[in-house]
2 protein chains.
Amino acid sequence: MDDVIARLECAEHLDALQAVIEWLRDYYAVDDMVYHWVSSNGEQYGCGTYDPKWVARYLEKGYLRIDPVVIGCYQRFHPVDWKRLDWSSKAARSFMQDAAEHGIGHQGYSIPIRGPNGQFALFTVSHSCDDDQWASFTELNRRDLILLAHYFNQTALKLEPGRKPEPTQPLSPREVETMTLLAVGYSRAQVAETLAISEHTLRVYIESARFKLGALNTTHAVARAMARGQIIV
Amino acid sequence: MDDVIARLECAEHLDALQAVIEWLRDYYAVDDMVYHWVSSNGEQYGCGTYDPKWVARYLEKGYLRIDPVVIGCYQRFHPVDWKRLDWSSKAARSFMQDAAEHGIGHQGYSIPIRGPNGQFALFTVSHSCDDDQWASFTELNRRDLILLAHYFNQTALKLEPGRKPEPTQPLSPREVETMTLLAVGYSRAQVAETLAISEHTLRVYIESARFKLGALNTTHAVARAMARGQIIV
DNA sequence: CTCTGCCTCGCCAGAAATGGGGAGTTGGAA
DNA sequence: TTCCAACTCCCCATTTCTGGCGAGGCAGAG
């Protein structure tokens, strides 16, 4: 354990993560171990021991938005056993079958991790065995896995800062107020009234915020401002 | 330390948190200790040892959206010393002065905590002393404070589940796709084209999503869907 | 002192979104 | 089988948003 942490701390490239996760897979003697970062801008980064064919298929099919593991963990705080997720939808079922055909174990345990600016990542361990064996495994290693998950994420954050610092030009106070009120459902007219300014002035703020955020329209601007933590809704 | 964790684990009401945090303040012999939850719906919950007058003023003045501690931590992953935050804006300066006048120590260390559905909370310890003393204090207790912060948050989450489960009616797959594409800046026409459906059909999805999300307009709907983790952008 | 960023205001025309109406299919649940 | 939720399509009128034009004041940085 300490050995792994030391390795992570001296890692200088993401390849190191890949090596560590493979080592961990062998150490725990499980089928698969995966770290999967779903960055706030919709890109993904992952390392792990899944079959590359499955990874490619996952990306190609856009499974990110279907995968009940991602969706379920995104809405949870605590680690979760795959059995407790919602697999009832048709999309989820076909996804599960596709995964099984690519050799993904039916037991899994995933740890959600959150970082700055809405960063979200998953640390997953998966295996094929019966429920009892799996339950005792997760029970035994839960604490370590959680720690590992967070160390992994911190290392990834350290190594990949080039991934989020999309030049986040700060918004002016008025722009922040504007975006915030828009995010809670006010129309432009209502926002203008609330801020006691003309609707035209308001438009200037929206436009400048849109420009700073690199957004194509108001909705996009609000979404980006939220995703980047520039407004708190 | 273990004593505190035990107390938290058997807590059955938020009052218990208040008691624990007061105990901690005395234990660490610092001026103030605060847990501050900024829930995803904009409400707040906090417990701590700040002067109630200051808390009232904080709420009344809407300092939540000015406080550099909140803003700074929201965009960070690691705990941060207040000195490293951005106090340059005018609003921040007048906020700082106001805080000082209410007896808030000028040294502070805040730990950002994140939870499901965009939950965000802060665990802060604050004191009045010189920089060297403060540096050695935080250096010495950093690990414990981080642990405490997360235990506090987990307890608060456990005790206050009634705070977020705003009946989150699930969105249908098409609705999710629609909201997601809108969030990344597509216009209705572009979304319709992308999904290969008529623009009118698209409208039906937007409207039903808006209804399910209790949103007043498209921008609001996207913001809520994001805040609730129903779409991942 | 100039320059830049922020805040404020006005008018107009075209593009986009919204609200309300109606209508048909499909597939799964009761 | 019947019912419901999800998905698909069309028209019309109104409201709202967006883009482009121009303008002034005020504070802080260089």
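In what follows, chains are A, B, ... by sequence order, proteins preceding strands, each numbered from 1.
One finds a side-chain N or O of B/Arg210 lying less than 4.0 angstrom from the OP1 or OP2 phosphate oxygen of C/dG19. Within the structure, every side-chain polar atom (N or O) of A/Lys212 is placed at least 4.0 Å from both OP1 and OP2 of C/dG5. Close to D/dA5, at under 4.0 Å from its OP1 or OP2, lies no side-chain N or O of B/Ser172.
The interatomic distance linking A/His200 (NE2) with C/dC12 (P) rounds to 13 Å, in whole Å. C/dC7 atom P lies 15 Å from atom CD of A/Glu207, rounded to whole Å. If you measure from atom CD of A/Glu177 to atom P of C/dC6, you get 14 Å, rounded to the nearest angstrom. In this structure, B/Glu175 atom CD and D/dA6 atom P are separated by 7 Å, rounded to whole Å. Remark: P of C/dT8 and CG of A/Leu202 are 10 Å apart, rounded to the nearest angstrom. Atom P of nucleotide D/dT16 and atom CD1 of A/Ile206 are separated by 14 Å, given to the nearest angstrom. Nucleotide D/dA5 holds its C1' atom 13 Å from the CZ atom of B/Phe211, rounded to whole Å.
Mapping B/Arg174 and A/Tyr186 onto DNA chain D by nearest heavy atom places B/Arg174 at the nucleotide closer to the 5' end. Judged by closest nucleotide on DNA chain D, B/Leu171 is the one of B/Val204 and B/Leu171 placed further toward the 5' end. Between B/Asn217 and A/Glu199, the residue whose closest nucleotide on DNA chain C is further toward the 5' end is A/Glu199.
Proximity of the aromatic rings of A/Phe95 and A/Trp54 is defined here by a centroid distance below 6.0 angstrom, and this criterion is met.
For CD of B/Glu199, the number of neighbouring non-hydrogen atoms (other residues, nucleotides, ligands) closer than 6.0 Å is greater than 12.
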- Starting from the C-alpha separation in whole Å, work towards a yes-or-no answer on side-chain contact (heavy atoms from CB on, under 4.5 Å) for A/Tyr205 and A/Leu171. CA-CA 9 Å; A/Tyr205 297 146; A/Leu171 300 178; over 6 Å; no
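By the 4.5 Å heavy-atom criterion applied to side chains, B/Trp82 and B/Ser126 are counted as neighbours. Looking only at side-chain heavy atoms (C-beta outward), A/Asn217 and B/Tyr186 stay at 4.5 Å or farther from each other.
Among the protein residues, A/Thr201 comes within range of the nucleic acid bases, having at least one heavy atom under 4.0 Å from a base atom. Note on A/Ser208: nothing from the nucleic acid sits closer than 4.0 angstrom, heavy atoms only.
Counting atom types as modelled, B/Arg203 pairs a side-chain N or O with a base atom of C/dG20 as donor and acceptor under 3.5 Å.
Of all nucleotides listed (D/dC9, C/dT8, D/dC17), C/dT8 comes nearest to the side chain of A/Ile197.
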